[in-house]
Chemist: 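Below is the structure I would like to discuss, written out as structure tokens.
Quick caveat: nothing in here was measured; it's all calculated off a predicted structure. Order of appearance sets the numbers: ligands from 1, and atoms from 1 within every ligand.
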Amino acid sequence: MSVTTIATIASFGGKLLKLSHNASTTGCEMKFNLYLPPQATTNSLHKVPLFIWLSGLTCTADNCSEKGFFQHGASKKGIAILYPDTSPRGVGIQGEDDSWDFGTGAGFYVDATASPWSNNYKMYSYITEELPKTVFAAFDQIDSSRVSISGHSMGGHGALSLYLRNPGKYKSVSAFAPIANPLKCPWGEKAFKGYFGDEWQKKGAEHDSTELLKKWKGGELDILIDVGTGDNFYKQGQLLPENFFAAAEEIGQEKGVNIRMQPDYDHSYYTMASFSDDHINHAAKYLFA
Ligand SMILES: N[C@@H](CCC(=O)N[C@@H](CS)C(=O)NCC(=O)O)C(=O)O
């Protein structure tokens, strides 16, 4: 459970910590970043809530920490941010580094059931259980009962699916350019076939946000999603936010799914940086309710 500090960086009046630990779920050393806002003082009677950010394909914990601009809003509101990695790394599986959209940097926030991935590629358990437990044990300034989740692209799929699979676990959810219906797009199909093998459609449906939404029984939703109209992956049909919205309509929750089509914005972190304050404010509404 012990955490090693690799670097401490001042940011917006607080501290960005670059950390690592030996994770048992993934069987390897995992790096992650943690932003502690200025309000997170040690021995504080007032703990700060946590915003988990799940990144997209090819990312490490650093992409969003360096250019997502979330620390700006989090320092004002007094919210810690956890930036996990996107997969196990260097576990020695043949082919793990062969493509940018599968294997290293592409864990898809599922627990793989197919060989040879099933021993290490357990990003669902890692993100929902082991990493938060490790963080709460090491940083008692953080309130384990107030956690929100958000993410981008593959991480948007992660945020939506973790929220919808675990009613009540997270106080709120939002996403940028999420892969909202992975069963129906090339990225999702490739990942689910690889990680689940023959049962990819059945297991995939348990992690597909559009499918999960159709079965949602957790009460009124308030999901914020931003998608840029200039996003090439949106144009190529990798994201399918319209399918997610259709599922919301199907269950009478269309008012609870606010998809903002942002004119001209693309798939990059310029988009996140432009709207990150909105997503922090959305989470703050529920983290400080
Ligand atoms: N294959 C391309 C595209 C991958 C891509 O756009 N990844 C998104 C997430 S799906 C990302 O956040 N990339 C890292 C960055 O922009 O910092 C690449 O490796 O740059």
Chemist: Number the atoms of ligand 1 from 1 as they appear, then name those within less than 4.0 Å of a heavy atom of Phe233, with their elements.
Modeler: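 Selected atoms, number and element: 6 (O).
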Chemist: Just go through Tyr269, Tyr270, Trp100, Phe176 and tell me whose heavy atom is the nearest to atom 4 (C) of ligand 1.
Modeler: Trp100
Chemist: Nearest to atom 20 (O) of ligand 1, what protein heavy atom do you find, and at what distance?
Modeler: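 Heavy-atom neighbour on the protein nearest atom 20 (O) of ligand 1: Thr58 OG1, 4.8 Å.
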Chemist: Could you check Lys18 against Asp62 for salt bridge (Lys or Arg N to Asp or Glu O under 4.0 Å), going step by step and ending with a plain yes or no?
Modeler: CA-CA 9 Å; Lys18 296 199 176 196; Asp62 290 340; 3.2 Å; yes
Chemist: State the atoms of ligand 1, each with its element, that fall below the 4.0 Å cut-off from a heavy-atom position in Lys67.
Modeler: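 In order of number, 15 (C), 16 (O), 17 (O).
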Chemist: Output yes when a side-chain donor or acceptor of Gln71 lies under 3.5 Å from a complementary backbone atom of Phe12, and no otherwise.
Modeler: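 The answer is no, because no donor-acceptor pair under 3.5 Å joins these two groups.
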Chemist: Can you sort out which atoms of ligand 1 are near Ser153, meaning under 4.0 Å from one of its heavy atoms?
Modeler: 10 (S)
Chemist: Heavy-atom distances under 4.0 Å decide this one: backbone, side chain, both or neither, for Cys59 against ligand 1?
Modeler: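 Contact part for Cys59 vs ligand 1: side chain (C-beta onward).
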Chemist: Report the part of Met154 (side chain from C-beta onward, or backbone N, CA, C, O) that has a heavy atom under 4.0 Å from ligand 1; answer both or neither where that applies.
Modeler: neither
Chemist: For ligand 1, which atoms, with element, lie under 4.0 Å from some heavy atom of His267?
Modeler: 6 (O), 10 (S)
Chemist: Angle between ring planes, Phe233 versus Trp187, binned at 30° and 60°: parallel, tilted or perpendicular?
Modeler: tilted
Chemist: Look at the aromatic rings of Phe176 and Phe70 and report parallel, tilted or perpendicular, splitting at 30° and 60°.
Modeler: perpendicular
Chemist: Would you mind checking if Asp277 and Lys76 are paired as a salt bridge, meaning a charged N to carboxylate O distance below 4.0 Å?
Modeler: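 Looking at Asp277 together with Lys76, the answer is no, because their closest N to O distance does not fall below 4.0 Å.
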Chemist: At a 4.0 Å threshold, what atoms of ligand 1 neighbour a non-hydrogen atom of Gly56?
Modeler: 9 (C)
Chemist: So between Asn63, Thr86, Asp62, whose heavy atom ends up nearest atom 14 (C) of ligand 1?
Modeler: Asn63
Chemist: What atoms in ligand 1 come closer than 4.0 Å to a heavy atom of Leu57?
Modeler: 7 (N), 8 (C), 9 (C), 10 (S), 11 (C), 13 (N)
Chemist: Mark whether atom 10 (S) of ligand 1 lies under 4.0 angstrom from at least one protein heavy atom.
Modeler: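 When distances to the protein are checked, atom 10 (S) of ligand 1 has a heavy atom within 4.0 Å.
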Chemist: Verify, without hydrogens or angle tests, whether Glu96 (side chain) and Gly92 (backbone) share a donor-acceptor contact under 3.5 angstrom.
Modeler: yes
Chemist: Determine the interplanar angle of the Trp117 and Tyr195 rings, folded into 0 to 90°, and report it as parallel if under 30°, tilted if 30 to 60°, perpendicular if over 60°.
Modeler: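 Geometry flag for Tyr195 against Trp117: perpendicular rings.
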Chemist: In terms of the angle between their ring planes, are His152 and Tyr269 parallel, tilted or perpendicular, with boundaries placed at 30° and 60°?
Modeler: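 The arrangement is perpendicular - the two ring planes meet at more than 60°.
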